[in-house]
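Quick note on labels: first sequence line is chain A, next is B, and so on, each numbered from 1. The shown structure was predicted, so the numbers you read here are calculated from the model rather than taken from an experiment.
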2 protein chains.
Amino acid sequence: MTVEKSGVECPINRAVELFNKKWTIQLIRDMFFGKKQFKEFQEDKPDLSNKVLSQRLKEMEAKGLIEKRVVNTSPVSTEYHLTEQGQKLNKVIYELAIFILDNPNYPEYNKNNKDQIKELFKNTLKVNDF
Amino acid sequence: MTVEKSGVECPINRAVELFNKKWTIQLIRDMFFGKKQFKEFQEDKPDLSNKVLSQRLKEMEAKGLIEKRVVNTSPVSTEYHLTEQGQKLNKVIYELAIFILDNPNYPEYNKNNKDQIKELFKNTLKVNDF
DNA sequence: CGGGATCCGGATGGATACTG
DNA sequence: CAGTATCCATCCGGATCCCG
């Protein structure tokens, strides 16, 4: 690629480093959709173990995508939020969704639900705001 | 998520199924940047083995992202191209690149090279065409 | 050149049990 | 609720050799 010749890594390689661990993308999506607590992230993911979830959250925090807030100590209450940087992933998530929704290989998305889901993503991700 | 309640999978889950595997994103990027041959994909990836590359190409073909063209039989010459669907990933790739380039955590991209790389991606991915 | 077959190691992640 | 500690299965992928 031309990028390498200028002496820097291709940004796509950097991006892959950030997102190729399992569950990472879904966790970011979940935070856009309002999930904050450790347990919430596991609700619709029966095979996301404590260990892996804990690892992912730490990694994402170390990479500056999310931040951890200890809200209360007894009972323990912790919240995870997207950082300002993390929120800039809204367009990536949106384009991923659009790619699938507009893909004829996924007929489960039809005229009955497609536009609704698009609107849901568009509003939730605030695609036009940033 | 609200999506699940409408009876369909979240499109992000579907997207993750497509791109989870190692090298997939880079291979798609490479094809946007003109690479076509088996060997070309390995050039800047010293640890992408024949086996894994072969697997990835087959998977991507099965998923309708790329197509295989046997150009010549002796000597063997095969080309891999993005399908019409695959080409619609241009915006996903673009947004991934932009996210990294505009991220202050990657100071290797500075005023000297950032705009150049952005232009390169914008032109190569033809972001405004589709 | 474009792969297939085998072999094998390390990394990843899931299950379970336990703790503050 | 939010994790930690262990154990274990699997899977993924790299190396090597081989073939048309």
Query raised in the report: Given atom CZ of A:Phe41 and atom P of D:dA2, what is their separation to the nearest angstrom?
Result: 9 Å

Requested in this report: Could you tell me whether A:Tyr80 contacts a base, only the sugar-phosphate backbone, or nothing, with contacts defined as non-hydrogen atoms closer than 4.0 Å?
Outcome: sugar-phosphate

Report task. Determine the contact category for A:Gln55: base if any of its heavy atoms lies under 4.0 Å from a base atom, sugar-phosphate if only primed atoms, P, OP1 or OP2 are that close, otherwise nothing. Result -> nothing

Requested in this report: Measure from the ring center of A:Phe99 to the ring center of A:Tyr106 and say whether it is less than 6.0 Å.
Outcome: no

Report summary line: Rounded to whole Å, CG of A:Leu57 lies from P of D:dC1 at a distance of 16 Å

Requested in this report: Have a look at A:Ile28 and tell me which of A:Phe19, A:Trp23, A:Phe33 forms a side-chain contact (heavy atoms from CB on, under 4.5 Å) with it.
Outcome: A:Phe19

Query - Among A:Gln87, A:Glu67, A:Lys36, A:Arg69, side chain to side chain donor-acceptor pair (under 3.5 Å) partner for A:His81 - result: A:Arg69

Query - Short N-O contact, B:Asp44 and B:Lys35, less than 4.0 angstrom - result: yes

Query - Min side-chain heavy-atom separation A:Val3-B:Phe121 under 4.5 Å - result: yes

Query raised in the report: Can a side chain N or O of A:Ser54 be found less than 4.0 Å away from OP1 or OP2 on D:dG3?
Result: no

Query - Residue-phosphate contact under 4.0 Å: B:Lys58 side-chain N/O, C:dG3 OP1/OP2 - result: no

Query raised in the report: Hey, are A:Asn13 and B:Arg29 close enough side-chain-wise for a donor-acceptor pair under 3.5 Å?
Result: yes

Query raised in the report: Between C:dC1 atom C1' and B:Leu53 atom CG, what is the distance in whole Å?
Result: 13 Å

Query raised in the report: Which angle, rounded to 10°, do you find between the first-five-pair axis and the last-five-pair axis of the helix from C:dC1-D:dG20 to C:dG20-D:dC1?
Result: 50°

Report task. Figure out the CD/C1' separation between A:Glu43 and D:dA2, and round it to whole Å. Result -> 14 Å

Query raised in the report: Is there a side-chain contact between A:Lys68 and A:Thr78, using heavy atoms and a 4.5 Å cut-off?
Result: yes

Query raised in the report: Got a sec, which residues hit salt bridge (Lys or Arg N to Asp or Glu O under 4.0 Å) with B:Asp115, two or more places apart in sequence or on another chain?
Result: none

**Report entry** Any residue of residues 60-77 of chain A with a heavy atom less than 4.0 Å from an atom of DNA chain C
**Finding:** A:Val76

Query raised in the report: Which residues within residues 18-27 of chain B lie with some heavy atom under 4.0 Å of an atom in DNA chain C?
Result: none

Query - Distance in angstrom units between A:Lys39 NZ and D:dA2 C1', rounded - result: 10 Å

Requested in this report: Compare all side-chain heavy atoms of A:Val16 with those of B:Lys22 and state whether any distance is below 4.5 angstrom.
Outcome: no

Report task. Please report, rounded to the nearest Å, how far the P atom of D:dC1 is from the CZ atom of A:Phe38. Result -> 11 Å

All N/O pairs under 3.5 Å across the protein-nucleotides 15-17 of chain C interface:
unit_1	atom_1	unit_2	atom_2	d
C:dA17	N6	A:Asn50	ND2	3.4

Query raised in the report: Are there more than 12 heavy atoms of other residues, nucleotides or ligands under 6.0 Å from atom NZ of B:Lys45?
Result: yes

Query raised in the report: Which residues satisfy the side chain to side chain contact (heavy atoms under 4.5 Å, CB included) test with A:Lys58, sequence neighbours excluded?
Result: A:Ser54

Query - Carboxylate-amine/guanidinium contact B:Lys63 B:Glu17, below 4.0 Å - result: no

Query - Phosphate OP1/OP2 of C:dT12 contacted by A:Arg56 side-chain N/O (<4.0 Å) - result: no

